[in-house]
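None of the values given here were measured: they were computed from a predicted structure. Because only heavy atoms are used, hydrogens play no part in the values below, and waters and symmetry mates are left out as well, while side chains stay in. Counting starts at 1 for both ligands and their atoms, in listed order.
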Amino acid sequence: ELKQLKSFRVLVPLCGKSVDLAYLAKHDAVSDVVGVDGIQKAMDTFINEHPYLYKNYADNSDGSDGDDGSNLKVTAQPCGKRHQFLKYKGKNISMLKGDFFDLDQDAILSNNNDAPDANNEGEIQLLFDVVWDRASLVAIHPDKREEYVQVLSKMMNPGGIVILVALDKRSGTEEAKAYGPPFSLPEEEIRRLFQHQDWVDSIEKLEEHDESVTFPEKFQRWKDMGLTNMFEMLFVIQTKGST
Ligand SMILES: C[S@@+](CC[C@H](N)C(=O)[O-])C[C@H]1O[C@@H](n2cnc3c(N)ncnc32)[C@H](O)[C@@H]1O
């Protein structure tokens with residue numbers, strides 16, 4: 001899926017210190033990746049674990065060469081309309097520390113240090129072509145899901161896609177199914193959230209597997225809580241318009 005597109009910007013909401021960020025930053029087809037998380041430790045740990053992405057962006061005035069991640073001092077810049085984010089910039093990667101629900105286009109646009117690309121119609125593409133949502137929407141409280149989708153809607157270029165990995169706690173005790181995070185996010189809830197949005201073109205489930213079968217050892221803690229299965233599902237949500 002990724003290789004079909006040529007040069008695109010990727011947003012990783014609630015990124016934590018995920019290795020997905022580094023995978024995406026190094027991907028040939030990715031021009032720019034932006035991760036958002038509220039926890040300072042996620043920023044610090046990611047930078048320390050991937051120093052090569054930050055080497056030329058760090059303040060090494062103490063004489064360190066930056067090869068050892070523990071020596072890297074990346075200075076954060078405030079961004080967003082209300083300076084509500086701190087931006088840690090590296091090589092085609094930025095991590096924004098702040099509350100995802102405060103994300104505005106200003107925070108994103110100030111991230112684009114490189115010249116923006118123009119599409120076939122000559123329009124400038126400044127926002128995101130891909131949202132990479134793995135363990136993100138499932139991490140927030142169900143009451144906040146509509147708000148989360150609204151934030152996403154303002155962040156996407158026409159013709160972009162949301163790659164969404166969700167969990168469906170399909171059977172077990174009601175208590176175990178309601179427990180979170182991660183919260184259960186069944187297919188019908190994903191369709192309820194996205195299909196009536198005027199910016200969404202299609203929602204497709206590409207695959208699913210039952211974690212109780214695929215990873216029985218990992219699943220044991222859920223089983224102990226009263227779940228009998230838990231499906232991990234991969235969706236691609238296509239937005240309207242063309243890139
Ligand atoms: C389960 S982790 C997901 C990490 C990542 N997506 C991955 O695949 O490893 C959830 C993350 O969401 C972050 N988070 C939760 N609510 C947030 C919010 N409102 N704004 C920013 N980050 C938030 C937490 O700090 C945590 O790092």
Taking a 3.5 Å cut-off between nitrogen or oxygen atoms, can you list every pair linking ligand 1 to the protein, with distances?
residue  : atom   : partner : partner atom : Å
ligand 1 : 6 (N)  : L14     : O            : 2.9
ligand 1 : 6 (N)  : R134    : O            : 2.7
ligand 1 : 8 (O)  : R134    : O            : 3.2
ligand 1 : 8 (O)  : R134    : NH1          : 2.5
ligand 1 : 19 (N) : D99     : OD1          : 2.9
ligand 1 : 20 (N) : F100    : N            : 2.9
ligand 1 : 22 (N) : G38     : N            : 3.0
ligand 1 : 25 (O) : D37     : OD1          : 2.7
ligand 1 : 27 (O) : D37     : OD1          : 3.3
ligand 1 : 27 (O) : D37     : OD2          : 2.7

Classify the angle between the aromatic ring planes of W199 and F194 as parallel (below 30°), tilted (30 to 60°) or perpendicular (above 60°). perpendicular
Any side-chain heavy-atom pair from L167 and F231 closer than 4.5 angstrom? no
Does any part of the side chain of L227, heavy atoms only, come nearer than 4.5 Å to the side chain of R170, both counted from C-beta? no
Distance, nearest 0.5 Å, that separates NZ of K205 from CG of L164: 12.0 Å
W132 vs Y23 aromatic rings, parallel, tilted or perpendicular, using cut-offs 30° and 60°? tilted
Does M43 reach the side chain of D37, with side-chain heavy atoms less than 4.5 Å apart? yes
